[in-house]
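Quick notes on the structure that follows.
Just so it is clear, the values below take in all heavy atoms, side chains as well, and ignore hydrogens, waters and symmetry mates.
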Amino acid sequence: MKVLMVDVDGVLVHGRPRDGLHLFTYLERDLGLSRELIQKEFFQTHWGNIVTGREELEPQLAGVLAKIAPGLSAATLIDYWFENDSRLDQTLLTDLAALRATGIPMFLATNQEHRRAAYLMENLGLSSYFDGIFYSAMLGYQKPAPEFFRLATERVGIEASEIAFIDDYPANIEAARQFGWKAMHWAPGARLEDALATFSL
């Protein structure tokens with residue numbers, strides 16, 4: 001292993017900062033918007049293009065909110081969304097920092113649109129822990145598409161077999177392995193030392 005790639009949601013980030021609940025658990029109470037409605041009208045309809053960089057987040061969200069929640073601005077919902085999806089796994093971050101200090105470069109490898117990718121690196125401070133980020137809106141493909149792994153491999157500039165990867169989604173793990181990465185499924189209670197032992201086999 002010469003490089004470690006790390007997924008974000010479900011690995012490093014787990015919902016609301018104070019309790020770990022899903023970010024939209026109290027969306028209707030807080031902003032008057034049904035969680036089911038925003039899923040149907042926005043995420044199921046527009047998210048695929050946004051997360052692969054084909055559409056921009058705020059204009060698309062504003063258009064949807066104008067129809068389903070005209071009193072709610074896209075900026076307000078985006079702020080609420082990002083702030084409520086930011087609980088960092090500090091134990092994992094500490095372990096990753098120790099590994100990085102040994103000389104192993106680390107990158108985030110994640111399905112994100114541009115705004116949240118910047119939020120993760122800048123507002124949540126992940127730029128202090130990682131050498132960079134490969135994300136779907138940047139690459140034009142989202143995991144588990146093989147193109148995501150191909151482009152990330154090309155940009156990091158080493159052989160696929162020298163890249164290790166942790167992710168909580170089994171399909172992403174399988175796709176990474178098919179491409180040649182060493183990959184481990186990250187489950188609740190997992191530890192970095194377990195992943196490193198797997199990668200060394």
Within 6.0 Å of CD in E159, more than 12 heavy atoms from elsewhere: no
For Y26, does the OH atom have more than 12 heavy-atom neighbours from other residues, nucleotides or ligands under 6.0 Å away? no
Aromatic ring centroids of [X] and [Y] under 6.0 Å?
X    : Y    : answer
Y141 : F148 : no
Y119 : F82  : yes
H185 : Y169 : no

As a test of understanding, state which of F107, F130, F149 forms a side-chain contact (heavy atoms from CB on, under 4.5 Å) with M5.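 Testing M5 for a side-chain contact (heavy atoms from CB on, under 4.5 Å) against F107, F130, F149 leaves exactly one candidate, F107.
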Say whether Q178 and E174, considering side chains only, have a donor N or O and an acceptor N or O under 3.5 Å apart.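 Judged by distance alone, the side chains do pair up.
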In Å and rounded to the nearest 0.5 Å, what is the CG to CZ distance from L139 to R155?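 It is 5.0 Å, given to the nearest 0.5 Å.
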With under 30° as parallel and over 60° as perpendicular, where do the rings of Y80 and F24 fit, or are they tilted in between? parallel
Going by the angle between their ring planes, with limits at 30° and 60°, are W47 and W81 parallel, tilted or perpendicular?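 Ring orientation of W47 relative to W81: tilted.
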Do the non-hydrogen side-chain atoms of V6 and W186 ever get within less than 4.5 Å of each other? no
Closest heavy-atom contact between K143 and D7?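 Distance-wise, the nearest heavy atoms are NZ-OD1, 2.8 Å.
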Taking T94 for the side chain and Q90 for the main chain, is one N or O donor matched with an acceptor at less than 3.5 Å?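 At least one qualifying donor-acceptor pair exists.
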